[in-house]
Amino acid sequence: MKTRYDIAIIGGGVIGLALARALCAHSLSLAIVDASARIPPATAAAAGMLAPSFEKALGGDALYDLSAKSLAMWPSFAAALEQETGVDIDYRSDGVLGVALDAAGARSLESASEAMAQRGAAVAMLSGEEARALEPALSGAVTAAMHAPRDAQVDPVKLLAALRLSLGKRGAALIDDYVAAVEAGQQGWRLSLAGGGDLVADQIVIATGAATDLVIDGAPRPPVFPVKGEAFSVAAPAGASLSRVIRGPGAYICPKAGGRIVIGATEDRKRDDLTVSAAAIEALRSGAGDIVPALKSAKETARWAGLRPATPDGAPILGPDPRGGGAWAALGHHRNGILLAPASAAALAGEILGIVTDIDLSAFRPGRFG
Ligand code: GLY
């Protein structure tokens, strides 16, 4: 195995892989060290919603602007990746419908809709009848809905496979191993691999998601912490033919290719394990059933958990690591890693290469936490 690279990316989730792909276009030698076998990336557990109209609460205006920019990049990102790899990543631009089951929920959607419209988002409030005209499987209890016709979704597992295939075609080294330590030296950054051996790179990118045990040159890593999410999938039952993502107070529902429906997700800041509790799945099923009654008895096909990489202010950490010396951070995408991947990757690749882009990362600097 070659042991010297221009850039080593530590982390094989969607953020590390999308960044690697953006950098590959510039004739650099790249290694991606992917510890997925030991620490599954949040990407593999994600539902794949590309829904900035509904995920605005975290991270403020700057995060919304980055999210909207990235959503606009998704159609060409998906098309290019599919064309290059032949992998259908189940990208769907069918929109997202957020539904309310009572007056308080409807008021909350109305104020979200006004805030989104002020930011230029294409959203509209619908009555319960109008929502059911779009999605006949919705419960009669749905009183109102916020429709975001430009929000979208993708299949994250297919996306990971396509990105890995693309990187292989582009000559990047995908190393399935775990980085035990990173040290700065005269020759560059030395990465010690748990499976034995090491590699050296001029620059490193820390894209380790919610994994918190990597020590880099003796310094603390940026303040990312896990937020556990549990989810499950069912086979679409007769009477639950859904055309788009539905989000309600107790669950979100994402129809995927092949009649699979993903239902998620819990949020638990106090857990960093991947166990799945029966109570969590029951609560999600009940929340989904309140929105789409046919889902109450739909046959479960899988259940899983993942760890979202969260930050103290809810926004990602993107840019030069304060320790300098060619270390970069691409961390903390929390609930929006899949959505943000195209924009985060393009902007950070631009910074690493010294190329000006039209994406402003100043609100996301690693140094902002002191
Ligand atoms: N973006 C959805 C989730 O984190 O559950």
Side-chain angles (χ1 to χ4, degrees), residues 13-15 18 40-60 63-64 66-68 70-71 74 89-99 112 116 121 146 148 150-160 209-210 224-234 242 244-256 260-274 276-277 280-281 283-285 287-288 291 302-311 313-316 331-344:
V14 68
I15 297 300
T43 311
M49 287 179 291
L50 313 174
S53 309
F54 293 88
E55 296 279 359
K56 66 185 188 316
L58 297 162
L63 179 58
Y64 177 74
L66 186 67
S67 302
S70 207
L71 179 70
W74 254 100
I89 60 172
D90 199 13
Y91 169 75
R92 297 162 179 230
S93 51
D94 297 326
V96 174
L97 202 57
V99 301
M116 282 294 106
M146 178 174 123
R150 293 195 194 143
D151 284 10
Q153 64 162 326
V154 68
D155 185 313
V157 173
K158 293 175 179 171
L159 173 63
L160 279 179
V224 180
F225 56 92
V227 174
K228 179 177 174 180
E230 289 149 281
F232 72 114
S233 61
V234 296
L242 299 170
R244 53 182 65 70
V245 172
I246 316 283
R247 297 172 62 116
Y252 53 70
I253 302 165
C254 305
K256 303 289 185 189
R260 193 170 70 100
I261 297 179
V262 171
I263 299 171
T266 59
E267 265 211 341
D268 192 341
R269 286 172 180 257
K270 299 202 178 78
R271 300 281 296 272
D272 64 357
D273 60 272
L274 292 176
V276 185
S277 84
I281 300 304
L284 290 170
R285 187 186 277 278
I291 310 168
R303 56 175 67 183
W304 62 88
L307 301 176
R308 304 176 183 90
T311 62
D313 61 5
L331 289 164
H333 290 71
H334 196 181
R335 294 180 61 93
N336 287 302
I338 319 267
L339 167 63
L340 291 171
S344 286

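Heavy atoms only: backbone and side chains are in, while hydrogens, waters and symmetry mates are out. Start at 1 and go down the list; that is how both ligands and their atoms are numbered.
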Identify the heavy atoms of A231 and I281 that sit nearest to each other, and give their distance.
O-CD1, 3.7 Å
Note: Q153 and C254 closest approach over all heavy atoms is OE1-CB, 3.6 Å
State which residues pass side-chain hydrogen bond (donor to acceptor under 3.5 Å, both in side chains) with R150; sequence neighbours excluded, sorted by chain then number.
none
Once side chain to side chain contact (heavy atoms under 4.5 Å, CB included) is applied, do any residues pair with A280, and if so which ones, sequence neighbours excluded?
E230, T266, S277
Qualifying residues under side chain to side chain contact (heavy atoms under 4.5 Å, CB included), relative to A288, sequence neighbours excluded
A251, I253, I263, L295
Set of residues that line ligand 1, where lining means a heavy atom lies under 4.0 Å from it:
M49, E55, Y252, A265, R308, R335
Would you call P309 and L331 a side-chain contact if the rule is heavy atoms closer than 4.5 Å?
no
